[in-house]
Amino acid sequence: MRKKIAIFASGSGSNAQRIFEYFKDSEQVEIACIITNNSKAGVIERFRKTNIPVLIINKSILGLDTWHTLIQEVDLIVLAGFLLKIPESFVQKFKNKIINIHPSLLPKYGGENMYGDNVHFAVIANREAESGITIHFVDEGYDTGKVIFQATCTLNELETVDSLKEKIHALEHEHFPQVIAHLLA
Ligand code: GRF
């Protein structure tokens with residue numbers, strides 16, 4: 001039986017798409033569904049032509065037992081730009097089964113308001129010489145779960161939020177599917 005993953009995404013969904021492409025002919029792993037809380041998320045359009053169901057959910061269901069029963073079918077929950085906090089009850093039922101990708105070298109630039117461009121802006125404002133990505137297990141805190149994988153990139157003198165975001169996305173697209181494959185192997 002193929003291992004099932006559910007990808008949670010609130011935005012563009014380039015990582016979700018990359019993961020889909022990586023596993024589309026896999027005999028080990030399949031994408032069971034895409035979950036989004038944002039009816040305008042780009043990820044919906046990206047998956048429209050695939051046979052993978054995209055579910056638009058309401059924030060309040062994340063803490064419900066019925067939802068937990070439904071989602072327990074999957075082997076791994078992958079947060080790829082999912083902006084809602086995962087409730088404690090959910091985290092506790094799925095210990096070590098939820099992973100997140102964060103666009104900095106945690107513990108640096110993590111925490112409640114550190115998402116999207118805020119992260120890159122802060123990295124550049126602090127004149128950091130390097131940044132990177134962190135893939136980590138999700139615990140009850142913000143970006144505090146055990147680190148699984150990190151990769152780095154260097155910043156140059158003229159770095160902008162957009163140029164750094166591009167470097168970070170390239171690292172994410174390269175490594176995230178491989179880390180998922182490794183975890184499920
Ligand atoms: C990524 O940079 C990821 O690190 C962060 O959100 C972004 C999602 O990008 N958590 P995309 O929607 O996959 O393009």
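Fair warning: this is a prediction, and the values are worked out from it, not measured in the lab. First listed ligand is number 1; within each ligand, the first listed atom is number 1.
- Nearest protein neighbour of atom 10 (N) of ligand 1, counting heavy atoms only, is I101 O, 2.9 Å.
- Side-chain atoms of N38 and S10 form no donor-acceptor pair, as typed in the model, at a separation below 3.5 Å.
- With 3.5 Å as the limit, one finds no donor-acceptor pair spanning the side chains of H120 and K165.
- Between the side chains of T134 and H136, not a single donor N or O lies within less than 3.5 Å of an accepting N or O.
- Looking from atom 14 (O) of ligand 1 to the surrounding protein, the closest heavy atom is S14 OG, 2.5 Å.
- Applying the 6.0 Å contact sphere to CD of Q92 captures more than 12 heavy atoms from other residues, nucleotides or ligands.
- The shortest N/O to N/O separation between G11 and ligand 1 does not fall below 3.5 Å.
- Atom 4 (O) of ligand 1 has its closest protein heavy atom at E172 OE2, 2.3 Å.
- Contact analysis puts H169 in contact with ligand 1, with a non-hydrogen atom separation below 4.0 angstrom.
- The shortest separation from a heavy atom of I168 to ligand 1 is not under 4.0 Å, leaving the residue out of contact.
- A side-chain donor from one of Y109 and E128 sits under 3.5 Å from a side-chain acceptor of the other.
- Checking only distances, N100 never comes within under 3.5 Å of ligand 1, N or O to N or O.
- Closest heavy-atom approach to atom 12 (O) of ligand 1 among the candidates G13, G81, A41, G42: G13.
- Between I5 and I19 there is a side-chain heavy-atom pair separated by less than 4.5 Å.
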